[in-house]
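First comes the structure, then the notes that go with it.
Here the structure is a predicted model, which means the values were calculated and not measured. Any value given below was found using the heavy atoms of this structure, including those in side chains, with hydrogens, waters and symmetry copies removed.
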Amino acid sequence: MAEKSKSALYYANNPTARKKKAATDKKINARPSQKKKRADCNKKRAQAKKAGKNVKGKDYDHAVGKFVSTKTNRGRKGEGGRKKKKR
């Protein structure tokens with residue numbers, strides 16, 4: 001079994017902080033943009049499976065436009081996680 005991250009340990013030991021985070025996450029995930037993004041991911045995933053592609057352990061990356069490993073997709077910093085173009 002994998003070890004818990006620092007943040008997982010923190011929330012496990014601080015129930016009030018965990019409740020506050022859960023409330024914040026609920027608000028964020030209820031946004032229409034998030035719902036649309038989630039629905040799109042599910043649709044792309046179903047299409048890929050139907051086409052016979054192996055998408056196990058992968059997430060659809062909206063910025064790249066293809067399936068990438070969850071480690072790559074979720075490990076990026078911030079929303080989208082791409083570096084901004086320099087002007």
Side-chain angles (χ1 to χ4, degrees):
M1 193 169 177
E3 289 185 37
K4 287 187 177 182
S5 65
K6 286 181 186 179
S7 58
L9 289 171
Y10 173 78
Y11 288 119
N13 294 324
N14 295 279
T16 53
R18 186 171 60 230
K19 281 185 180 179
K20 188 176 178 182
K21 183 183 184 320
T24 304
D25 289 348
K26 189 174 182 178
K27 280 183 188 175
I28 291 169
N29 289 324
R31 291 177 184 164
S33 60
Q34 281 299 108
K35 286 184 178 181
K36 185 177 176 185
K37 197 175 193 180
R38 221 168 28 248
D40 186 47
C41 283
N42 290 336
K43 183 179 174 184
K44 298 272 189 202
R45 189 171 193 83
Q47 288 172 346
K49 281 185 175 183
K50 191 175 182 181
K53 292 183 181 176
N54 181 16
V55 291
K56 188 173 184 179
K58 295 184 177 184
D59 285 341
Y60 183 75
D61 187 343
H62 284 87
V64 178
K66 62 181 182 179
F67 284 91
V68 294
S69 73
T70 53
K71 181 180 178 182
T72 302
N73 197 32
R74 298 179 191 185
R76 294 189 182 105
K77 297 273 187 195
E79 180 64 29
R82 275 100 194 144
K83 291 179 180 172
K84 294 189 169 110
K85 291 180 182 177
K86 293 182 180 178
R87 293 180 185 177

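- Taking the side chain to side chain donor-acceptor pair (under 3.5 Å) definition, one finds that T70 meets it with nothing, sequence neighbours left out.
- Applying the ring-ring contact (aromatic ring centres under 6.0 Å, His included) definition to pairs two or more places apart or across chains, none involves residues 18-42.
- The side chain to side chain contact (heavy atoms under 4.5 Å, CB included) test applied to K4 returns A8, L9, A12, not counting sequence neighbours.
- Applying the salt bridge (charged side-chain N to carboxylate O under 4.0 Å, His left out) test to pairs two or more places apart or on separate chains, those with a residue in residues 39-60 are D59-R74.
- Looking at residues two or more places apart in sequence or on another chain, you find a ring-ring contact (aromatic ring centres under 6.0 Å, His included) between Y60 and H62, F67.
- Every pair passing side-chain hydrogen bond (donor to acceptor under 3.5 Å, both in side chains) that includes a residue from residues 6-23 is listed here, sequence neighbours excluded: S5-S7, K21-D25.
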